[in-house]
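As the structure lists them, so they are numbered: ligands from 1, and atoms in each ligand from 1.
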Amino acid sequence: MVAIADAHAVITGGSSGIGLSVARLLAQRGARLSLVARRPAPLAEAAATLSAAGHRVQTAAVDVADRDAVTAALAGLSEAFGPCDVLVTSAGVVEPGYFSDLDDDDFRQMMSVDYFGTLWPIRAVVPTMVQRRRGSIVGVSSGAGLVGVFGYSAYSPAKFAVRGLLEVLRCELAPHGVHVGCACPPDTDTPQLAYENQFKPPETAAISGAIKPLSADRVAASIVRGIDKEQFLITADTQTRVLARVAGLLPGVLHSTFDRQVRKVQRSRTGG
Ligand SMILES: NC(=O)c1ccc[n+]([C@@H]2O[C@H](COP(=O)([O-])OP(=O)(O)OC[C@H]3O[C@@H](n4cnc5c(N)ncnc54)[C@H](OP(=O)(O)O)[C@@H]3O)[C@@H](O)[C@H]2O)c1
């Protein structure tokens with residue numbers, strides 16, 4: 001098991017939301033932090049706040065979808081803080097909408113940032129983790145990576161792909177002493193949720209509206225607990241734990257529940 005107190009933790013998407021909360025919790029446990037995101041200003045602000053609290057932080061402004069750039073950035077971060085012991089891939093984007101309204105580019109972007117932006121950082125750290133027989137990798141998928149949700153035809157498949165990748169890596173890397181986990185947050189109160197709420201079709205809002213968003217700190221605590229306990233499926237609430245069980249065993253039950261909600265919204269729109 002990785003001792004967080006002695007760890008170099010790399011967090012993609014570490015400048016905001018869930019990634020920033022994970023960074024804060026790991027730093028409070030003594031980890032040295034490397035935060036990765038595209039925009040330098042939020043990265044600098046996050047780093048300044050964490051440094052002011054006495055934590056060791058460095059940053060890299062890079063697009064995780066750019067394989068060569070992210071590989072080079074992670075190599076540089078490891079030169080300064082030592083090999084990566086903990087990798088949390090939280091960088092991600094979402095574009096909800098009706099299938100026919102989404103642009104081809106939306107589908108490409110979700111795969112490129114959410115899936116390939118998870119794959120490339122993992123590819124960059126795995127050889128050294130395997131060589132050292134030490135490491136923990138947690139990818140952030142989603143509740144929408146457990147079940148296909150109305151309005152997420154671009155996002156859900158990318159998050160399914162993240163979960164599929166992590167399931168394979170769990171088996172392949174366990175014999176090498178490397179832990180792999182898959183976090184599946186429900187709606188979480190972050191800038192991403194505020195952004196997508198502007199564009200969610202009403203059917204999507206009806207399905208997710210039954211669930212009160214969790215705080216980023218609560219989701220982050222579940223991720224840190226998942227690292228400590230070397231869990232594979234990392235959930236922060238009972239509803240998602242139930243969803244994971246039902247999606248695996250009784251998909252028909254979920255489909256009819258979702259279909260009912262969609263019919264209700266559509267009837268109310270047509271006045272039928
Ligand atoms: N919030 C939710 O309801 C929810 C639910 C389930 C799953 N999730 C997943 O949780 C993860 C974190 O989301 P969040 O809600 O914390 O979002 P957030 O607050 O918007 O943070 C997203 C982070 O990812 C970075 N990022 C985005 N695109 C990037 C790229 N191409 N390269 C590098 N960094 C990039 C952002 O910084 P820059 O923009 O500066 O690059 C930011 O640091 C995502 O994978 C998301 O899909 C969120």
Write out all pairs satisfying side chain to side chain donor-acceptor pair (under 3.5 Å) with one or both partners inside residues 132-148, taking only residues at least two apart or from two chains. Asp85-Arg132, Asp85-Arg134, Ser136-His179
Take the angle between the ring planes of Tyr155 and Tyr152 and call it parallel below 30°, perpendicular above 60°, tilted in between.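 Geometry flag for Tyr152 against Tyr155: tilted rings.
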Please determine whether a side-chain nitrogen of the Lys or Arg among Arg218 and Asp237 lies less than 4.0 Å from a carboxylate oxygen of the Asp or Glu.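 Not counted as a salt bridge, because no side-chain N and carboxylate O are separated by less than 4.0 Å.
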For Phe99, does the CZ atom sit with more than 12 other heavy atoms under 6.0 Å from it, leaving out its own atoms? no
For the CD atom on Glu45, are there more than 12 heavy atoms of other groups (residues, nucleotides or ligands in this structure) within a distance under 6.0 Å?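 Check fails, neighbour count at 12 or below.
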Rounded to the nearest 0.5 Å, how far apart are OG1 of Thr204 and CZ of Phe258? 10.5 Å
Given a heavy-atom cut-off of 4.0 Å, could you list the residues near ligand 1 in chain and number order? Gly13, Ser15, Ser16, Gly17, Ile18, Ala37, Arg38, Arg39, Val62, Asp63, Val64, Ser90, Ala91, Gly92, Val93, Val113, Val140, Ser141, Ser142, Tyr155, Lys159, Pro185, Pro186, Asp187, Thr188, Thr190, Pro191, Gln192, Leu193
